[in-house]
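Order of listing sets the numbers, starting from 1, for every ligand and every atom in it.
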Amino acid sequence: MELITLADYERAAAETMHPQAAAYCFGGAGDEVTLRDNLDGWRRLAIRPRMLVGVGERDPGITLLGKPRRHPLLIAPVAFQRLAHPDGEIATARAAAATATTFCVPTLGTTSAVEVAEAVPDAPRWFQLYVFRDRGVSRELVARAVDHDYEALVVTVDLPIYGVRVRELRAGSGSLRPGRVPSALAAGAHGAVTRDQITALIDPDLRWSDIERFADESPIPVVVKGVLTAHDARQALDSGAEAVIVSNHGARQLDTVLSGADALSAIVAEIGDQADVLVDGGIRRGTDVVKALALGARAVLVGRPIVWGLAVDGADGAQRVLEILLAELDNALALAGAPRAQDLDASFVTPAPWR
Ligand SMILES: Cc1cc2nc3c(=O)[nH]c(=O)nc-3n(C[C@H](O)[C@H](O)[C@H](O)COP(=O)(O)O)c2cc1C
């Protein structure tokens with residue numbers, strides 16, 4: 001059967017992935033209330049379209065961190081991508097390059113940020129940082145990313161410790177098979193081979209003062225990923241961040257937290273006139289992207305769907321997933337009567353009558 005939607009890729013990936021890998025990639029925390037709500041949050045918004053505005057020419061372009069971008073999609077940082085396909089992060093980078101999509105390369109990649117940059121130099125890229133207890137290792141990872149033309153540092157702040165991920169616990173110990181240990185960690189992993197050991201490297205005592213230090217030292221913009229309140233978004237800016245990503249980590253950390261869709265507006269109201277606000281979680285349709293931009297997000301990140309594309313068909317699958325979403329976005333911009341993505345505002349959405 002031809003795969004036409006991201007949901008088609010989800011089903012196909014579920015059939016091909018190893019059960020343990022699938023549990024890791026598909027699952028959320030706790031009872032997965034927030035996992036479901038990440039999708040529902042966007043569905044609870046209705047679009048208020050405008051007619052006869054002339055949509056023959058459309059432009060999904062936006063400006064992010066002061067730079068014009070062809071479209072508002074980014075690839076979210078997703079750890080251990082070789083669990084989905086042997087080409088892992090390199091395949092994702094190829095898909096990113098083919099679609100002009102910025103790829104947030106994860107600290108816990110199964111291919112190092114340096115190798116990704118060298119293998120696919122034309123992939124637009126940001127580096128996602130988990131701050132380790134050993135700050136020397138973190139500084140070294142950042143220095144290498146800066147040396148390899150990473151454009152921004154995405155500091156993830158919502159994983160001081162690991163969430164209670166029931167699917168993963170049921171699926172087994174969480175060991176990574178040989179060759180799938182994050183090579184980026186060679187300097188600091190001290191032979192770690194399980195997810196628990198690897199996540200134990202992360203500093204649970206990270207504070208805003210640490211963000212301030214990273215922002216002070218970083219020659220590239222710092223983006224704080226994982227805030228859900230206006231208070232924390234303001235803290236991020238006060239600590240030197242140039243953008244924030246409204247995110248609940250794909251519902252993998254604390255269950256029953258707010259969805260991105262529900263957290264976004266308050267954060268845009270607090271800092272939207274001073275900094276870029278991005279959002280992720282549950283973006284599966286072009287209409288979801290339109291709604292996020294209408295609520296004031298500058299751009300959106302996509303996590304699991306990239307994994308599904310990888311699992312189904314490596315780089316080509318990940319590219320196809322992005323192309324489907326971009327085609328749906330183009331369609332939604334036309335039919336919503338917002339031919340330029342930059343023109344979307346809150347008047348294009350309303351709480352859905354069916355919520
Ligand atoms: C398998 C998997 C691994 C992830 N690993 C990371 C990570 O290493 N660092 C990080 O900041 N976020 C990580 N995330 C969260 C994503 O960056 C993103 O916030 C989330 O997946 C967005 O939701 P979506 O999957 O519904 O698109 C991961 C998500 C998944 C599904």
Please list the nearest protein heavy atom to atom 23 (O) of ligand 1 with its residue and the distance rounded to 0.1 Å. Gly281 CA, 3.4 Å
Nearest protein heavy atom to atom 27 (O) of ligand 1, by residue and atom, and its distance? Gly303 N, 2.9 Å
Out of all atoms in ligand 1, which are within 4.0 Å of some heavy atom of Ser247? Include the element for each. 19 (O)
Is the side chain of Glu328 donor-acceptor paired with the backbone N or O of Gly286 at a distance under 3.5 Å, no angle test? yes
To the nearest 0.5 Å, tell me how far Gln128 CD sits from Thr107 OG1. 4.5 Å
Just need the protein heavy atom nearest to atom 26 (O) of ligand 1, so name the residue and atom and give the distance. Arg284 NH2, 2.7 Å
Checking side-chain hydrogen bond (donor to acceptor under 3.5 Å, both in side chains) for the pair Gln274/Arg234: CA distance, chi angles, key distance, verdict? CA-CA 10 Å; Gln274 294 157 52; Arg234 171 62 59 193; 3.0 Å; yes
Closest approach of any protein heavy atom to atom 7 (C) of ligand 1, naming residue and atom: Tyr130 OH, 3.2 Å
Does Ile283 have a non-hydrogen atom less than 4.0 Å from ligand 1? no
Please determine if Gly282 has a nitrogen or oxygen closer than 3.5 Å to a nitrogen or oxygen of ligand 1. yes
Kindly indicate whether a cation-pi arrangement holds for Arg252 with Tyr24, taking the cut-offs as under 6.0 Å to the six-membered ring centre and within 45° of the axis. yes
Going by the atom numbers of ligand 1, which of them fall below 4.0 Å from some non-hydrogen atom of Thr156? 10 (C), 11 (O)
Look at atom 12 (N) of ligand 1 and say which protein heavy atom is nearest, naming residue and atom and giving the distance to 0.1 Å. Lys225 NZ, 3.0 Å
Quick note on ligand 1: atoms under 4.0 Å from a heavy atom of Ala76 include exactly 16 (C), 17 (O), 18 (C)
Find the distance between CG (Asp40) and OG (Ser259) and round it off to the nearest 0.5 Å. 8.5 Å
Quick check with a 6.0 Å cut-off and a 45 degree axis cone: is Arg135 positioned over the face of Phe132's six-membered ring? no
Heavy-atom nearest option to atom 2 (C) of ligand 1, drawn from Gln253, Arg304, Arg252: Arg252
Any donor-acceptor pair under 3.5 Å linking the side-chain atoms of Asn38 with those of Asn248? yes
Inter-residue atom distance Tyr9.OH - Ile324.CD1, 0.5 Å rounding: 5.0 Å
Atom 19 (O) of ligand 1 has as its nearest protein heavy atom Asp280 OD2, 2.6 Å
When distances are taken from atom 5 (N) of ligand 1, the protein heavy atom at minimum range is Ala79 N, 3.0 Å
Does the side chain of Asp122 come within less than 4.5 Å of Val120's, by heavy atoms? yes
For atom 14 (N) of ligand 1, what's the nearest protein heavy atom and its distance? Pro77 O, 3.2 Å
Checking Val277, Val300, Asp280 against Val246 for side chain to side chain contact (heavy atoms under 4.5 Å, CB included), the one that qualifies is Val277
Within a distance under 4.0 Å of any heavy atom of Gln128, pick out the atoms of ligand 1 and give their elements. 8 (O), 9 (N), 11 (O)
Here the atoms of ligand 1 under 4.0 Å from any heavy atom belonging to Cys25 are 1 (C), 31 (C)
